[in-house]
Amino acid sequence: MGRDIRYWLVKTEPEVYSIEDLAREPDQTTCWDGVRNYQARNFLRDQMRLQDRVLVYHSNARPPAVVGTAVVVREGYPDHTAWDPKSAHYDPASTPDNPRWWMVDLRLEQVFEQPLPLDELRQVPALKEMELLRKGSRLSVQPVRPEEFKTILKLASQRARTAR
DNA sequence: GCCAACGTTGGC
DNA sequence: GCCAACGTTGGC
């Protein structure tokens with residue numbers, strides 16, 4: 001018997017790497033590199049499992065918004081960009097023998113027809129407890145409750161229908 | 001561009 | 001181990 005699927009949210013700055021960039025990748029799959037926060041690292045390394053589902057969020061965007069979903073297709077492995085002096089995420093403290101930073105591979109599931117902006121999510125009572133909406137929340141990889149994930153998907157499909 | 005909130009670093 | 005200084009995140 002397999003473990004229950006878990007749900008997550010990952011942030012990305014669309015000017016750096018957007019969900020449209022993900023859609024253009026071979027197999028619409030990418031390694032989610034560059035996470036340099038220990039709490040987020042621990043989620044990537046210890047808790048994300050194959051088939052877990054992920055909300056993709058555009059931060060530092062206008063407007064900031066949840067823009068689609070992805071699925072975990074490879075579990076945690078060392079983030080080799082930490083070993084590359086030319087990488088923006090280079091960290092000399094991380095070595096192949098003793099890696100400090102980890103990543104997973106994500107494959108695009110769907111790009112929402114209509115993004116769900118942050119300020120609208122704040123209006124949804126069912127999402128009140130979401131980590132994303134907490135004041136001062138900065139975690140770039142964070143757990144999402146199953147009900148929250150379902151609520152977001154429902155909002156996205158409702159919005160798509162309304163827009164047509 | 002501002003700045004509040006947060007995480008990390010390093011002197012002590 | 002404390003905590004001030006500093007750097008980063010990310011909404012606005």
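Predicted model, so just to flag it, every value in this text is computed and none were measured. Numbered from 1 within each chain, the chains take letters A, B, ... in sequence-line order.
Protein atom CG of A:Leu139 is 13 Å distant from nucleotide atom P of C:dT9, rounded to whole Å. Atom CZ in A:Arg36 sits about 14 Å away from atom C1' in C:dT8, given to the nearest Å. The interatomic distance linking A:Leu132 (CG) with C:dG10 (C1') rounds to 11 Å, in whole Å. Computed from coordinates, the A:Leu133 CG to B:dA5 P distance equals 17 Å when rounded to whole Å. Per the geometry, CZ belonging to A:Arg100 stands 14 Å off C1' belonging to B:dG7, to the nearest Å. If you measure from atom CG of A:Asp119 to atom P of C:dG10, you get 17 Å, rounded to the nearest angstrom. For the pair A:Arg138 CZ and C:dG10 P, the interatomic distance rounds to 7 Å; values are reported in whole Å. The distance from atom CZ of A:Arg134 to atom P of B:dC6 is 7 Å, rounded to the nearest whole Å.
Annotation: of the two residues near DNA chain B, A:Gln39 and A:Asn60, the 5′-most nearest-nucleotide partner is A:Asn60.
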Pairs of donor and acceptor atoms involving the side chains of residues 28-35 of chain A, under 3.5 Å and at least two apart or interchain, shall be tabulated with distances.
from: A:Gln28; atom 1: NE2; to: A:Ala23; atom 2: O; distance (Å): 3.1
from: A:Thr29; atom 1: OG1; to: A:Asp27; atom 2: O; distance (Å): 2.8

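An OP1 or OP2 oxygen of B:dA4 is reached within less than 4.0 angstrom by no side-chain nitrogen or oxygen of A:Lys135.
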TODO: Determine, stepwise, if the pair A:Glu25 / A:Arg107 fulfils salt bridge (charged side-chain N to carboxylate O under 4.0 Å, His left out).
DONE: CA-CA 9 Å; A:Glu25 302 280 4; A:Arg107 184 172 64 221; over 6 Å; no

TODO: Before giving the answer on ring pair (Phe, Tyr, Trp, His ring centres under 6.0 Å), spell out for A:Tyr57 and A:Trp8 the whole-Å C-alpha distance, their side-chain angles and the decisive distance to 0.1 Å.
DONE: CA-CA 11 Å; A:Tyr57 176 80; A:Trp8 306 93; over 10 Å; no

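Looking at the side chain of A:Tyr38, the nearest of the listed nucleotides C:dG10, C:dG11, B:dT8 is B:dT8. Taking the side chain of A:Leu118 as heavy atoms from C-beta on, and the options B:dG7, C:dG10, C:dG11, the nearest nucleotide is C:dG11.
Side-chain contact, A:Thr81 with A:Arg36: a donor N or O sits under 3.5 Å from an acceptor N or O. A:Thr95 and A:Asp97 share no side-chain donor-acceptor pair at under 3.5 Å.
Between A:Trp102 and A:Tyr77, a ring centre-to-centre spacing not shorter than 6.0 Å is recorded.
A:Val104 and A:Leu44 make their closest contact through CG1-O, 3.6 Å (heavy atoms, listed as atom of the first residue, atom of the second, distance).
Taken residue by residue, residues 87-94 of chain A places no heavy atom nearer than 4.0 Å to DNA chain B.
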